[in-house]
Participant: 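Please find one structure pasted underneath; my questions will follow.
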Amino acid sequence: MDGSLLTAEDGALASPYAFLAALTHFGPLFNGTLEGSSLFERLSAAALVEYLGGTPSVRSFNFGFPRPQTLRSFRQAIDDLCEKMGEGGGSASRMKASDMKDAGLDLAVWVPFKDGRLNQLSVFGQCAAGRNWRSKISELQPSHFCRSWMLEPPALLPLAAFFVPRQIGEAHWETDVLRERQMLFDRLRIARLLGDLDEQLVERCAIWTAAAIG
């Protein structure tokens with residue numbers, strides 16, 4: 001959105017770009033739920049998967065709270081992530097995570113080798129849909145996350161990625177990228193990477209967008 005108006009003409013509401021623009025303008029909590037944030041995390045994961053080579057060679061895991069489809073605890077989510085990645089050894093037995101939600105980790109994407117051995121490329125991502133996104137840009141440190149919450153950090157520590165639904169102008173782009181030393185995905189990058197999405201996800205994004213601008 002950013003100063004422009006969205007219309008429902010020509011199927012515009014079904015466009016992921018329209019969802020990202022509406023999310024930027026109205027914020028993730030406009031209807032009192034976290035659905036906007038959850039949908040944004042799924043779109044971000046899909047964009048990162050595509051960037052790293054696409055399915056089926058790339059795997060993803062949505063970790064952000066509230067986690068979809070289940071009420072898994074933080075400890076259970078760590079166990080599930082480690083099992084799927086084949087690294088990490090599970091949740092650290094020493095950890096006290098009864099009140100922990102996601103510790104800043106919203107999504108994980110990795111590229112497994114066909115031999116199943118360690119040392120795979122992985123990326124941990126954080127999504128920030130609110131206006132205070134700049135204060136969150138360095139919250140997630142994958143090395144610290146792994147050492148704090150996993151029994152054994154992955155053989156190759158994950159890279160960091162940060163996702164925002166807004167467009168970051170050229171005047172700020174270089175500063176944000178160089179200062180934080182992580183992959184930065186703004187609205188334009190995300191939208192360009194989104195190809196064939198799950199139809200249900202596209203429909204949910206369109207419904208959210210229509211409700212926001214309606």
Side-chain angles (χ1 to χ4, degrees), residues 34 37-129 133 135-164 177 179-185 189-190 193-194 197-198 201:
L34 291 173
S37 293
S38 296
L39 292 173
F40 178 51
E41 290 168 12
R42 292 184 61 186
L43 288 179
S44 298
L48 184 54
V49 166
E50 185 65 24
Y51 175 67
L52 293 178
T55 55
S57 61
V58 185
R59 306 285 187 267
S60 66
F61 185 90
N62 286 91
F63 193 90
F65 184 87
R67 283 171 277 278
Q69 301 177 348
T70 179
L71 297 177
R72 291 173 300 185
S73 69
F74 181 78
R75 184 190 297 270
Q76 291 171 325
I78 292 287
D79 288 337
D80 199 5
L81 173 60
C82 290
E83 180 180 0
K84 286 180 167 57
M85 288 185 65
E87 295 195 70
S91 58
S93 59
R94 66 182 180 278
M95 74 185 210
K96 297 179 181 179
S98 59
D99 297 324
M100 187 64 67
K101 293 181 178 180
D102 55 31
L105 177 62
D106 291 318
L107 59 96
V109 174
W110 63 98
V111 187
F113 285 101
K114 292 184 178 180
D115 60 21
R117 293 187 293 180
L118 305 180
N119 195 235
Q120 63 192 351
L121 171 67
S122 61
V123 182
F124 282 5
Q126 183 177 20
C127 303
W133 64 276
S135 66
K136 297 178 175 293
I137 197 168
S138 59
E139 280 187 1
L140 175 64
Q141 299 295 328
S143 60
H144 178 74
F145 183 96
C146 292
R147 294 189 176 100
S148 296
W149 306 115
M150 294 179 176
L151 284 173
E152 303 171 356
L156 181 65
L157 287 173
L159 299 174
F162 190 75
F163 300 82
V164 291
V177 171
R179 181 183 61 192
E180 302 303 337
R181 301 295 180 183
Q182 59 184 310
M183 287 185 285
L184 183 60
F185 291 80
R189 279 190 168 180
I190 295 171
L193 286 166
L194 295 176
L197 291 171
D198 177 77
L201 175 58

Participant: Only counting residues at least two apart or in another chain, list the ones meeting ring pair (Phe, Tyr, Trp, His ring centres under 6.0 Å) with Phe40.
Facilitator: none
Participant: Applying side chain to side chain contact (heavy atoms under 4.5 Å, CB included), name anything that partners Asn119, two or more places apart in sequence or on another chain.
Facilitator: Leu156
Participant: Grab the two heavy atoms, one from Gly86 and one from Leu118, that are nearest each other, plus how far apart they are.
Facilitator: O-CD2, 3.7 Å
Participant: Please report the closest heavy-atom contact between Phe63 and Leu105, naming both atoms and the distance.
Facilitator: CD2-O, 3.3 Å
Participant: How close do Ser91 and Ile78 get, counting heavy atoms only, and between which atoms?
Facilitator: CA-CG2, 3.5 Å
Participant: Can you confirm whether more than 12 heavy atoms, excluding those of Glu139, are under 6.0 Å from its CD atom?
Facilitator: yes
Participant: How far does CD of Gln141 sit from OG of Ser148, to the nearest 0.5 angstrom?
Facilitator: 11.0 Å
Participant: Please report the interatomic distance CE(Met85) to CD(Gln120), rounded to the nearest 0.5 Å.
Facilitator: 5.0 Å
Participant: Is Asp80 salt-bridged to Lys84, cutoff N-O under 4.0 Å?
Facilitator: yes
Participant: Throw together a table of side-chain donor-acceptor distances under 3.5 angstrom for residues 107-115, partners on residues two or more places apart or in other chains.
Facilitator:
unit_1 : atom_1 : unit_2 : atom_2 : d
Asp115 : OD1    : Arg117 : N      : 2.9
Asp115 : OD2    : Arg117 : NE     : 3.2
Asp115 : OD2    : Arg117 : NH2    : 3.3

Participant: Which heavy atom in Met183 sits nearest to a heavy atom in Tyr51, and how many Å separate them?
Facilitator: SD-CE2, 3.8 Å
Participant: Indicate yes or no: at least one non-hydrogen side-chain atom of Trp133 is less than 4.5 angstrom from one of Phe162.
Facilitator: yes
Participant: Side chains of Met150 and Leu81, heavy atoms from C-beta outward: is any pair under 4.5 Å?
Facilitator: yes
Participant: Checking Ala47 now: which residues fulfil side chain to side chain contact (heavy atoms under 4.5 Å, CB included) with it, not counting sequence neighbours?
Facilitator: Ile190, Leu193, Leu194
Participant: Which atom pairs, one a donor and one an acceptor, fall under 3.5 Å between side chains of residues 52-61 and the rest of the protein, sequence neighbours left out?
Facilitator:
unit_1 : atom_1 : unit_2 : atom_2 : d
Ser57  : OG     : Gly54  : O      : 3.0
Arg59  : NH1    : Pro56  : O      : 2.1

Participant: Run the side chain to side chain contact (heavy atoms under 4.5 Å, CB included) check on Leu157 and Phe124 step by step: do they pass?
Facilitator: CA-CA 10 Å; Leu157 287 173; Phe124 282 5; over 6 Å; no
Participant: Shortest non-hydrogen contact from Arg147 to Pro153?
Facilitator: CG-CG, 3.9 Å
Participant: How long is the gap from CG on Leu48 to CZ on Arg189, to the nearest 0.5 Å?
Facilitator: 11.5 Å
Participant: Measure across Val123 and Ala160 and return the closest heavy-atom pair with its distance rounded to 0.1 Å.
Facilitator: CG1-C, 4.3 Å
Participant: Would you give the length of the straight line joining atom CD of Gln126 to atom CD of Gln182, rounded to the nearest 0.5 angstrom?
Facilitator: 8.0 Å
Participant: State which residues pass side chain to side chain contact (heavy atoms under 4.5 Å, CB included) with Glu41; sequence neighbours excluded, sorted by chain then number.
Facilitator: Asn62, Asp106, Cys127
